[in-house]
Amino acid sequence: MAGISLRNIFKVYPGNVTAVSDFCLEIEDKEFIILVGPSGCGKSTTLRMVAGLEEITAGELYIGDNLVNNVEPKDRDIAMVFQNYALYPHMTVYKNMAFGLKLRKEPKEVIKEKVMNAAKILDIEHLLERKPKALSGGQRQRVALGRAMVRNPAVFLLDEPLSNLDAKLRTSMRTEITLLHKKLQTTFIYVTHDQVEAMTMGDRIVVMKDGFMQQVDTPQNLYDSPVNLFVAGFIGTPQMNFLNAVVDKTGGGYVARYGDTLIPILPERASYEKLESYVGKEVTVGIRPEDLHVEKAISNREDSSFVLIDVTVDVAELMGAEVYLYGQCQGEKLIAKVPSHLSPKADETAKLALDCTKVHLFDKETENVIR
C-alpha cells in the first residue's frame, strides 16, 4: 500500500494552455481523496498524471517513496476505473476481469481465485459468463471495479465512475464504493463534478477551479468554513445565498448593513480587529438556505442572534419533509430550506429569521473569507 505525494505539479499543453498549476497535495496511505470542481478545472488531468496517462510538465510525483514522473503506467501499481467503463465488448465478464492478470502471465488457478473473490465481493458471480452488452449500467460499473480489484493495486483511481448512471443507481453505487474502500483498505483518488458525491464519500476533498486548488479539507470543514466565495457557492445544496452589504461600526461592535436590515457580525464569525479596516466598505454576506428559518420556528426563542428579513416567495418547491423557498429580499434572490409544515406559499411575503451565528463574510475584491 502507498501514500501519494504531488509536489508543485504543473500541466501545460501546447499553445501555453495551463490545465493544472502548482498542485501540491500529500495523500496518506488508505485515504479516500476526492477531486471536485466544475468541468475544465483540471481534476481529471491531475488524475491522469497520477496514472501516467498524461505527462507532467513540471513538479514531482511520488507513489510511496518512488519518484514516478517517468515510470510507465503499468509499473506504477495503480488501477484506474474510467467514466465509460472501457470493457472489452467481445469478452465475457470473467475474461474482462481476468485480462490484466493474463497479460502478467499469472497462473490460471491464481487468476480464477482472484476473479471469483472480486466477483463475490461485488455480487456479480451470476454475471461472469455474460458479455457487457447484456449488462445494465450498474452491473458494468461493478465489472469495471472488479477488473481493477483483481490486480490488488496500491492505488485506485476513479474518474467520474458514476456519471453515466441514473440518480437512484448513483446513490446506491456511492454507498457500495465507500464500503469497497473500507474492505480493500487501499488508497482511493476519486474525481467527480458532483459535490454531493464528494461530500458523502471522501475523507478529504480537494476543490479545484481553473487548474488551481482552492481548498483541501474534510467535508464538514469545507461546508462550515469555506475559504472563499467559490468554495462557499460550490459546496452545499442548494447553494449558499450571497448578499451585498456594507460594514458599519455600532456602539458595541460591527454590523453588515443590508438595505434597511442590520446584521450583527459576531466576533466568532470575524475578528473585530480585521473588521475595522472594512468599515464603510462593501462586503459579501453568505448565509446557507438552512440557516434561514420561518419566524414561527424560532418564536419561542429569546435569542438576539436572529435577524428578521422580509422575503417575497416566488416558488415553493416541495422536497418531501422540506420545502425550498425561492424568493427575493430587497431586490436580491434568496433560497431558504424550511420544514414543509411551516412553509409559506408562493406569492406570499414571509418573515424569515437569519441566523447570525452562521453568517460568512467575504472580501468583495479578493473573494476570500474575512475571518
Side-chain angles (χ1 to χ4, degrees), residues 1 30-34 44 47-48 51 53 73-74 76-194 196-203:
M1 302 303 170
K30 301 176 186 174
E31 192 172 15
F32 197 138
I33 282 281
I34 306 269
S44 287
L47 192 77
R48 290 172 67 84
L53 303 176
K74 66 183 177 65
R76 292 192 181 195
D77 200 13
I78 54 98
M80 190 156 177
V81 179
F82 295 92
Q83 181 178 351
N84 61 359
Y85 319 134
L87 301 176
Y88 297 109
H90 62 288
M91 291 185 183
T92 63
V93 167
Y94 182 94
K95 288 181 178 176
N96 263 285
M97 291 173 66
F99 187 70
L101 301 176
K102 194 175 176 183
L103 286 182
R104 290 182 178 184
K105 297 186 166 35
E106 296 230 13
K108 281 186 178 180
E109 304 76 34
V110 173
I111 293 174
K112 184 176 181 181
E113 183 183 355
K114 288 183 175 180
V115 170
M116 296 307 291
N117 283 342
K120 187 175 182 181
I121 290 171
L122 294 166
D123 192 25
I124 53 173
E125 293 167 287
H126 60 296
L127 304 176
L128 291 175
E129 295 309 313
R130 291 192 198 176
K131 290 186 177 176
K133 66 181 179 182
L135 305 177
S136 67
Q139 290 169 337
R140 289 179 195 178
Q141 185 58 73
R142 286 191 182 89
V143 175
L145 286 167
R147 186 175 56 187
M149 281 171 59
V150 295
R151 294 179 54 190
N152 194 27
V155 181
F156 269 84
L157 307 177
L158 301 100
D159 190 6
E160 304 212 31
L162 308 184
S163 60
N164 290 336
L165 304 179
D166 62 62
K168 186 177 180 182
L169 197 50
R170 270 206 308 272
T171 303
S172 63
M173 283 302 296
R174 280 204 312 259
T175 307
E176 288 190 30
I177 290 174
T178 304
L179 291 171
L180 183 63
H181 172 253
K182 287 180 180 176
K183 280 181 186 172
L184 298 180
Q185 289 289 294
T186 188
T187 308
F188 274 45
I189 307 178
Y190 186 106
V191 161
T192 180
H193 64 273
D194 184 337
V196 175
E197 279 180 29
M199 291 293 286
T200 53
M201 296 173 75
D203 296 324

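- Under the side-chain hydrogen bond (donor to acceptor under 3.5 Å, both in side chains) criterion, Arg174 pairs with Thr200, not counting sequence neighbours.
- Ring geometry for Phe32 versus His181: interplanar angle over 60°, hence perpendicular rather than tilted (30 to 60°).
- Remark: the backbone N or O of Met91 is paired with a side-chain donor or acceptor of Asn96 at under 3.5 angstrom.
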Step by step, would you call Leu101 with Val110 a side chain to side chain contact (heavy atoms under 4.5 Å, CB included)? CA-CA 9 Å; Leu101 301 176; Val110 173; over 6 Å; no
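- Counting only heavy atoms from C-beta outward, the side chains of Thr192 and Leu162 never approach each other to under 4.5 Å.
- Note that NZ of Lys183 and CD1 of Ile121 are 6.0 Å apart. Values are rounded to the nearest 0.5 Å.
- Among residues at least two apart or in separate chains, ring-ring contact (aromatic ring centres under 6.0 Å, His included) pairs with a member in residues 151-173 are Phe156-Phe188.
- Minimum heavy-atom separation, Leu128 to Ala119: CD2-CB, 4.1 Å.
- Nearest heavy-atom pair across Leu53 and Pro73 is CD2-CG, 4.3 Å.
- Residue Asp77 comes nearest to Pro153 through the heavy atom pair OD1-CA, 3.6 Å, listed as atom of the first residue, atom of the second, then distance.
- The heavy-atom pair separating Ile34 from Glu197 by the smallest distance is CD1-O, 4.5 Å.
- To the nearest 0.5 Å, atoms CG (Leu157) and CD1 (Ile78) are separated by 5.0 Å.
- Taking the side-chain hydrogen bond (donor to acceptor under 3.5 Å, both in side chains) definition, one finds that His193 meets it with Glu160, sequence neighbours left out.
- Remark: Leu184 CG to Lys182 NZ distance equals 13.0 Å, nearest 0.5 Å.
- Results of the side-chain contact (heavy atoms from CB on, under 4.5 Å) test with Pro161 over Met80, Gln141, Met173, Arg170 single out Gln141 as the only residue that passes.
- Taking 4.5 Å as the limit, some side-chain heavy atom of Arg151 sits within range of a side-chain heavy atom of Arg104.
- When all heavy atoms of Ala154 and Thr186 are compared, the closest pair comes out as O-OG1, 2.7 Å.
- Among the candidates Leu122, Thr92, Ile124, the single residue satisfying the side-chain contact (heavy atoms from CB on, under 4.5 Å) test with Val143 is Ile124.
- The structure places OH of Tyr88 at 15.0 Å from NZ of Lys131, a figure rounded to the nearest 0.5 Å.
- At least one donor-acceptor pair closer than 3.5 Å links the side chain of Arg140 to the backbone N or O of Pro132.
- Minimum interatomic distance between Ala118 and Val150 (heavy atoms only, all atoms of both residues): CB-CG1, 3.8 Å.
- Taken from NZ in Lys108 to NZ in Lys112, the straight-line distance is 11.0 Å, to the nearest 0.5 Å.
- A distance of 11.5 Å separates CZ of Phe82 from CG of Leu87, quoted to the nearest 0.5 Å.
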